[in-house]
> 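The structure that follows is given in the form of structure tokens.
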Amino acid sequence: MDSDCIFCQIVAGDIPANVVAETDDAIAFLDANPLAPGHTLVIPKEHYHRLNDVPDDVAAEVLGLVHEVVPAVEAAVDAPATTVAFNNGEEAGQEVPHVHGHIVPRSGDDGQRPIHALFEDRPGVGDEEMNEIAAAIQAER
Ligand code: 5GP
Ligand code: ZN
């Protein structure tokens with residue numbers, strides 16, 4: 001536990017949260033400043049900064065809890081869809097340095113846009129560079 005971390009304090013029960021589901025290694029609770037009613041966060045109970053830091057078994061449990069909670073969130077707030085996303089690192093907008101997945105209920109008339117709307121331009125990557133990048137990712141795994 002990182003005693004400076006707000007999410008570790010939620011896991012410890014030191015600050016309150018609207019917990020909606022829990023497993024041995026993961027917990028889901030409502031976002032305190034929701035983007036939409038039902039906005040839920042899913043986190044590992046242990047403190048890890050980014051997805052990259054999470055051990056395989058814990059990552060599987062976090063994603064498993066996301067998978068379990070998504071339909072429950074949608075049903076609870078009568079949403080036909082959800083945006084599911086991780087801001088993975090400060091440069092990507094992560095503000096709380098304890099890995100967390102967002103589940104944000106969506107409706108066709110909520111006036112909001114898809115994740116692709118985060119980016120105004122596309123870099124126009126050519127076929128050769130695409131092949132090189134794919135090979136580099138394969139080699140790094
Ligand atoms: P990030 O920008 O790091 O991906 O998202 C952090 C999220 O945590 C934000 O949506 C914010 O509203 C939420 N949050 C920050 N502090 C608290 C808190 O004390 N309790 C809960 N439940 N959510 C929080
Ligand atoms: Zn933490």
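In what follows, every heavy atom counts, from backbone to side chain, and hydrogens, waters and symmetry copies are set aside. Note that the structure is predicted; figures quoted are calculated from it, not measured.
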> Do the side chains of Leu51 and Phe7 join up, straight or via other hydrophobic residues, at under 4.5 Å, putting them in one cluster?
no
> If you look at every heavy atom in Pro105 and Pro37, which pair is closest and at what distance?
CG-O, 3.2 Å
> Between Val96 and Val54, is there shared hydrophobic-cluster membership here, with clusters defined by ILVMFWY side-chain heavy atoms closer than 4.5 Å?
no
> Linking I/L/V/M/F/W/Y whenever their side-chain heavy atoms sit closer than 4.5 Å, directly or via other members, would Phe86 and Val70 fall into one cluster?
yes
> Can you list everything that forms a salt bridge (charged side-chain N to carboxylate O under 4.0 Å, His left out) with Asp110? Sequence neighbours excluded, please.
Arg106
> Between Pro16 and Ile10, what is the shortest heavy-atom contact and its length?
O-CG1, 4.4 Å
> For His102 and His100, indicate whether the former's side chain and the latter's backbone hold a donor-acceptor pair under 3.5 Å.
no
> Decide if atom CG of Asp57 counts as having more than 12 heavy atoms of other residues, nucleotides or ligands within a radius under 6.0 Å.
yes
> Ignoring hydrogens and angles, tell me if any N or O in the side chain of His98 forms a donor-acceptor pair with the backbone of Pro44 under 3.5 Å.
yes
> Atom CD1 of Ile103 and atom CG of Leu30: how far apart are they, to the nearest 0.5 Å?
10.5 Å
> Give every residue pair that meets the salt bridge (charged side-chain N to carboxylate O under 4.0 Å, His left out) criterion with at least one member in residues 36-55, sequence neighbours excluded.
Glu22-Lys45
> Check this for me: Asn131, atom CG, are more than 12 non-hydrogen atoms of other residues, nucleotides or ligands nearer than 6.0 Å?
yes
> Glu129: which residues meet the side chain to side chain contact (heavy atoms under 4.5 Å, CB included) condition with it, sequence neighbours left out?
Val125, Ile133
> Between Leu63 and Val73, is there shared hydrophobic-cluster membership here, with clusters defined by ILVMFWY side-chain heavy atoms closer than 4.5 Å?
yes
> What residues, two or more places apart in sequence or in another chain, satisfy salt bridge (charged side-chain N to carboxylate O under 4.0 Å, His left out) together with Glu90?
none
> Give, for atom CG of Asp2 and atom OH of Tyr48, the distance between the pair rounded to the nearest 0.5 Å.
13.0 Å
> The criterion is side chain to side chain contact (heavy atoms under 4.5 Å, CB included); which residues satisfy it with Ala117, sequence neighbours excluded?
Arg113, Pro114
> So do Pro80 and Ser107 actually touch side chain to side chain, heavy atoms under 4.5 Å?
yes
> Which distance, rounded to the nearest 0.5 Å, do you find between the NE2 of His47 and the SG of Cys5?
5.0 Å
> What closest approach, in Å, do Ala28 and Val42 show between heavy atoms, and which atom pair accounts for it?
CB-CG2, 3.9 Å
> To the nearest 0.5 Å, what is the distance between CD on Glu74 and OG1 on Thr82?
4.0 Å
> Using the side chain to side chain contact (heavy atoms under 4.5 Å, CB included) criterion, which residues pair with Leu118? Sequence neighbours excluded.
Ile115
> Within the distance-only criterion (no hydrogens, no angle test), does the side chain of Asp31 pair as donor or acceptor with the backbone N or O of His39 below 3.5 angstrom?
no
> Looking at side-chain heavy atoms only, is the closest gap between Phe29 and Ile43 below 4.5 Å?
yes
> Under 3.5 Å, side chain of Gln94 to main-chain N/O of His49, donor-acceptor pair present?
yes
> Hey, what do you get for CG (Leu35) to OG1 (Thr83), rounding to the nearest 0.5 Å?
9.5 Å
> Please tell me whether Met1 and Val99 are part of a single hydrophobic cluster in this structure, the criterion being side-chain heavy atoms less than 4.5 Å apart.
no
> Could you check whether atom CG of Asp78 has more than 12 heavy atoms from other residues, nucleotides or ligands sitting under 6.0 Å from it?
no
